[in-house]
A.B. asks: 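Could you have a look at this structure, given as structure tokens, before my questions?
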Amino acid sequence: MKIDVLTIFPEFFDTVFDFGIIRRAKLAQIVEINIYDIRSFTTDKHHKTDDKPFGGGDGMVMKCEPIFQAIEKIIGTCERESYPSGTRVVLLSPQGKQLKQSIAREFADEAKHLILICGRYEGIDERVNDALVTDEISIGDYVLSGGEPAAIVLTDAIIRLLPNALGSETSAVNDSFTENLLDYPHYTQPRDFRGMDVPEVLLSGNHAEIEKWRRQKALEKTQIFRKDLLDKEHS
Ligand code: 9D3
């Protein structure tokens, strides 16, 4: 998969993709990530990426020209109907559909080329949405200063779902039972830490009992902290 990120703050991404699973996926050429500075696609002498809103009001709006230029350069066309199959142009915005594991999985399964547009300021000229964007995504109901953190979250969630991105040790975590539940509690050495003991069953060596205990604890935690996960199908 190729992931291209359009941002006015390219330095934001200088090291975030250089660790853990994402780093490994890059090295294994499971994913290629490119960061593009929107400003480098401006053609006016002041390299303006934003301007005052028509109709008045506070704040600035991201201009559409540099974004159209970028998409034309990156995809080869700025007609949505002419995008190659598997191309998705995603606008990260508070107005988007809320990111869920099911959306990350859909992108991981279907997208070959993802272009992520990070908004800033009060918003982005609507013509970007009208002509270029195939998907508008929010990462949740809280206010960020821009789309960059959201692009990082989306990228991380997708890459770990790509075939062979996870080591064989960890891929089992993805099974259908655990996905709609919170995790069970984990313990490691030491057995006794400041008088706090590790549950006896985990030391028993009885794998059937351990499995039963873990499922029970996962269900209890979910019931208490995330009842909504048990009510609805979320994954
Ligand atoms: C005044 C109304 N606000 C819109 C709800 C203005 C506004 C707030 C935050 C405009 C842009 C932003 C910047 N946020 C994002 O670009 C963003 C975001 C977010 O704020 N929350 C959750 N997901 C996302 S994805 C992109």
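The model shown is predicted, which means the values in this text are computed figures rather than measured ones. Counting starts at 1 for both ligands and their atoms, following the listed order.
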A.B. asks: Could you check whether any side-chain N or O of Thr42 sits under 3.5 Å from a backbone N or O of Asp44, counting only pairs where one atom can act as donor and the other as acceptor?
C.D. replies: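 Checked: no pair found.
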A.B. asks: Taking all atoms of both residues into account, what is the closest heavy-atom pair of Glu136 and Ser93, and its distance?
C.D. replies: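 In terms of heavy atoms, the two residues are closest at OE2-OG, 2.6 Å.
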A.B. asks: Charged N to carboxylate O under 4.0 angstrom, Asp183 versus Lys221?
C.D. replies: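 Salt bridge: no.
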A.B. asks: Do me a favour and list the nearest non-hydrogen protein atom to atom 11 (C) of ligand 1 with residue, atom name and distance?
C.D. replies: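 Protein heavy atom at minimum distance: Tyr121 O, 3.5 Å.
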A.B. asks: Would you check whether Gly123 reaches within less than 4.0 Å of ligand 1, judged by its heavy atoms?
C.D. replies: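 Judged by the 4.0 Å heavy-atom criterion, Gly123 does not count as contacting ligand 1.
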A.B. asks: Should one rank Ala151, Cys118, Ser93, Gly59 by closest heavy-atom distance to atom 25 (S) of ligand 1, which comes out on top?
C.D. replies: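 Residue with the shortest heavy-atom distance to the ligand atom: Ser93.
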A.B. asks: Look at atom 21 (N) of ligand 1 and say which protein heavy atom is nearest, naming residue and atom and giving the distance to 0.1 Å.
C.D. replies: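 Here the closest protein heavy atom is Tyr142 O, 2.7 Å.
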A.B. asks: Just to confirm, does any protein heavy atom lie below 4.0 Å from atom 9 (C) of ligand 1?
C.D. replies: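 Flag for atom 9 (C) of ligand 1 set to true, protein heavy atom closer than 4.0 Å.
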A.B. asks: Any chance CD of Glu220 has more than 12 other-residue heavy atoms, nucleotides or ligands included, within less than 6.0 Å?
C.D. replies: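 Yes, because the 6.0 Å sphere around CD of Glu220 holds more than 12 heavy atoms from other groups.
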A.B. asks: Using a heavy-atom cut-off of under 4.0 Å, does the side chain or the backbone of Ser138 touch ligand 1, or both, or neither?
C.D. replies: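 Ser138 to ligand 1: contacts from backbone and side chain alike.
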A.B. asks: Identify, by atom number and element, the atoms of ligand 1 in contact range of Gly147, meaning under 4.0 Å from any of its heavy atoms.
C.D. replies: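 The list of qualifying atoms is 15 (C), 16 (O), 26 (C).
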A.B. asks: So which of Asp141, Leu144, Leu99 gets nearest to atom 24 (C) of ligand 1, if we judge by its closest heavy atom?
C.D. replies: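 Comparing heavy atoms across Asp141, Leu144, Leu99, the nearest one to atom 24 (C) of ligand 1 lies in Leu144.
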A.B. asks: Which heavy atom of Ala104 sits nearest a heavy atom of Leu99, and at what distance?
C.D. replies: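 Scanning both residues, the minimum pair turns out to be N-CD1, 4.2 Å.
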A.B. asks: Among all protein heavy atoms in this structure, tell me which lies nearest to atom 22 (C) of ligand 1, with the distance rounded to 0.1 Å.
C.D. replies: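 Result for atom 22 (C) of ligand 1: Gly140 O, 3.2 Å.
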A.B. asks: When only distance counts, is Val143 in polar contact with ligand 1, meaning an N/O pair under 3.5 Å?
C.D. replies: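 Between Val143 and ligand 1 (N or O atoms, distance only) the closest approach is not under 3.5 Å.
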A.B. asks: Could you tell me whether the side chain of Arg226 and the main chain of Leu181 form a donor-acceptor pair under 3.5 Å?
C.D. replies: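 Not a single qualifying donor-acceptor pair exists.
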A.B. asks: With a sphere of 6.0 Å drawn around CD of Glu200, does it hold more than 12 non-hydrogen atoms of other residues, nucleotides or ligands?
C.D. replies: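 Counting other residues, nucleotides and ligands, CD of Glu200 stays at 12 neighbours or fewer.
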A.B. asks: Hey, does Glu122 come in under 3.5 Å of ligand 1, counting only N/O atoms on both sides?
C.D. replies: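 Min N/O separation from ligand 1 is not below 3.5 Å for Glu122.
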A.B. asks: Quiz question for you: does at least one protein heavy atom lie closer than 4.0 Å to atom 3 (N) of ligand 1?
C.D. replies: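 There is no protein heavy atom less than 4.0 Å from atom 3 (N) of ligand 1.
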A.B. asks: Who's closest to atom 17 (C) of ligand 1 heavy-atom-wise, of Gly57, Pro94, Ser145, Gly96?
C.D. replies: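 Answer by nearest heavy atom: Pro94.
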A.B. asks: Strictly distance-based, threshold 3.5 Å: is any side-chain N or O of Thr222 a donor or acceptor partner for the main-chain N or O of Leu182?
C.D. replies: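 Checking the backbone N and O of Leu182 against the side chain of Thr222, a donor-acceptor pair under 3.5 Å is found.
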A.B. asks: What protein heavy atom is closest to atom 23 (N) of ligand 1, reported as residue, atom name and distance in Å?
C.D. replies: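 Minimum-distance protein heavy atom for atom 23 (N) of ligand 1 reads Ile139 N, 3.0 Å.
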A.B. asks: At less than 4.0 angstrom from any non-hydrogen atom of Ala150, what atoms of ligand 1 do you find?
C.D. replies: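 Going through ligand 1 atom by atom, the ones under 4.0 Å from Ala150 are 25 (S).
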A.B. asks: Does any N or O in the side chain of Arg105 come within less than 3.5 Å of the main-chain N or O of Leu161, such that one atom is a donor and the other an acceptor?
C.D. replies: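 Not at all, since once roles are kept as given, no pair shorter than 3.5 Å links the two residues.
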A.B. asks: Are the side chain of His186 and the backbone of Tyr184 linked by a donor-acceptor contact shorter than 3.5 Å?
C.D. replies: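 Between the backbone of Tyr184 and the side chain of His186 there is a qualifying donor-acceptor contact (under 3.5 Å).
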